[in-house]
Structure formats: C-alpha cells, structure tokens
Amino acid sequence: MLEREETTRGLDTILQRFLPELDGATWIAKRVEVLPGVVDSEIVHVTQAMDRLYGYTWPDTLVGQRISAIHTRTDAQITRQYSFFRHQGLEAPRHYIMHGTHPNGRVFPVIKHVQQHTIGPCTLWITRHEPWHRSAPYPFLKPLQSRSFSQADMRPFLG
C-alpha cells in the first residue's frame, strides 16, 4: 500500500511539471502493466477539449481509460511499436494520423502530436490531438521497419 501511495505522489509531482504545457485537446497517459506481461497506457489527465473531441460531454470521462479501448486495435499496436522505438532511443513518428473510437462505436481519424517522457520507472505520453482534415501534412500510422529485437528486449517495455 505504501509503495502505491509513493507512486501516486510521484505521478502527481510529474503531472504538475507538465500541466502548464497542456493546451487544446490534450491528455497525459502513463504506461501501465494491466496484468503480468500485459502492458497498455492509461489516461491520467485530460483537458475538456479532449473529452469533447472524443465525443464525451462529462469532464474527465477519459481519465482512467486505456488507449487500447479508445483506438482501433491495429493502431494501438503500431503506437506501442513507436513507443518502444523511442524508448530505445530510435527514431519513430511523433506526429501522425490514427483512428479514435467514439462512445457510440464510430471510428474517426484524428491527428496526434506525441511527446514521450521517461522519468525514473514511469513512462508518460503527453499527446495533443486535433481533428483530422484532408490537408493534414502527417501520414497515417504504419508499422516501422522491423529491427532485430528479441522478445527479451521488448518484454520489459511492451509486456
């Protein structure tokens, strides 16, 4: 219990560091191990503009949601690959178009601008979103060329 309280206090301190940077439709998500060997990211802070972009009318509805639940499965897997590459210090897209899922099940494209931070054992993503438009200069998600990483290399970060 004490370890969880320390983790919560540490996360609160980290959030305070990044809150002044939030503008528009933005969230902060953290890496979580859902079950042993199962990794996802969970939204820990959200702006009201982000709730509205994803179709929610109540504030903070997205807080506690997992990325895999509000994006298509394929897109969530590709963003995990991007995160792993960044974690390894390799190049991976930070600006791209992916698909969100509206509460009514409708899938819609959205432009994402991602900042990834690792602070001690905590990995955070500050992600600003904007509605998709045909003239967007960013690509849709696509898997990166595979590097020769072993399962042992990837498992600690991806599960």
Side-chain angles (χ1 to χ4, degrees), residues 4-35 38-87 90-144 157-159:
R4 184 177 182 156
E5 288 175 15
E6 288 175 8
T7 301
T8 301
R9 276 197 303 270
L11 181 59
D12 288 343
T13 301
I14 293 168
L15 289 177
Q16 292 307 313
R17 173 179 163 193
F18 291 111
L19 288 179
E21 296 178 24
L22 302 186
D23 65 327
T26 307
W27 68 41
I28 298 176
K30 69 175 181 171
R31 182 186 168 281
V32 293
E33 188 168 2
V34 180
L35 297 167
V38 178
V39 174
D40 203 339
S41 54
E42 182 177 285
I43 298 169
V44 294
H45 183 82
V46 63
T47 64
Q48 288 183 347
M50 179 62 84
D51 276 324
R52 286 190 303 273
L53 178 63
Y54 271 73
Y56 296 94
T57 55
W58 295 102
D60 295 335
T61 304
L62 285 167
V63 171
Q65 296 275 347
R66 296 211 175 100
I67 299 303
S68 62
I70 57 173
H71 290 100
T72 63
R73 182 178 179 172
T74 300
D75 283 3
Q77 290 173 331
I78 293 170
T79 60
R80 283 188 194 107
Q81 180 195 37
Y82 288 7
S83 296
F84 177 72
F85 274 50
R86 284 188 223 109
H87 184 72
L90 302 170
E91 285 296 314
R94 292 181 341 110
H95 309 279
Y96 48 83
I97 301 166
M98 67 181 297
H99 298 92
T101 304
H102 192 275
N104 68 11
R106 180 180 60 86
V107 174
F108 62 97
V110 64
I111 301 169
K112 293 181 77 170
H113 307 280
V114 180
Q115 295 177 36
Q116 181 171 323
H117 301 276
T118 301
I119 302 165
C122 187
T123 299
L124 294 174
W125 295 271
I126 300 171
T127 308
R128 188 174 54 80
H129 293 60
E130 59 180 294
W132 176 78
H133 47 86
R134 292 190 190 286
S135 62
Y138 307 107
F140 276 91
L141 286 174
K142 60 183 176 197
L144 299 175
F157 191 76
L158 296 177

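If you're wondering where the values come from, they're calculated on a predicted model, not measured in any experiment.
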Within a reach of under 6.0 Å around CZ of Arg73, are more than 12 heavy atoms found that belong to other residues, nucleotides or ligands? no

If you count heavy atoms of other groups shown closer than 6.0 angstrom to CD of Gln48, is the number above 12? no

Does the distance from a Lys or Arg side-chain N to an Asp or Glu carboxylate O, for Arg80 and Asp40, drop under 4.0 Å? yes

Between [X] and [Y], is there a donor-acceptor pair closer than 3.5 Å when you use the side chain of the first and the backbone of the second?
X      : Y      : answer
His133 : Ala136 : yes
Thr123 : Thr118 : no
His87  : Ser83  : no

Taking C-beta and beyond as the side chain, do [X] and [Y] meet within less than 4.5 Å on heavy atoms?
X      : Y      : result
Val46  : Asp60  : yes
Leu141 : Ile97  : no
Thr101 : Arg106 : no
His99  : Phe140 : yes
Trp27  : Asp51  : no
Glu42  : Val63  : no
Arg86  : Glu91  : no
Phe84  : Leu90  : no

Here the gap from Thr61 atom OG1 to Ile70 atom CD1, rounded to the nearest 0.5 Å, amounts to 11.0 Å

Determine, stepwise, if the pair Ser41 / Trp125 fulfils side-chain hydrogen bond (donor to acceptor under 3.5 Å, both in side chains). CA-CA 9 Å; Ser41 54; Trp125 295 271; over 6 Å; no

Which residues pass the ring pair (Phe, Tyr, Trp, His ring centres under 6.0 Å) test with Tyr138, not counting sequence neighbours? His95, His113

Identify, with sequence neighbours excluded, every residue that meets ring pair (Phe, Tyr, Trp, His ring centres under 6.0 Å) alongside His117. Phe18

Looking only at heavy atoms, which two atoms of Gly24 and Thr47 are closest? And how far apart? O-OG1, 2.6 Å

Considering all heavy atoms, the nearest Ala76-Ser68 contact: CB-CA, 4.2 Å

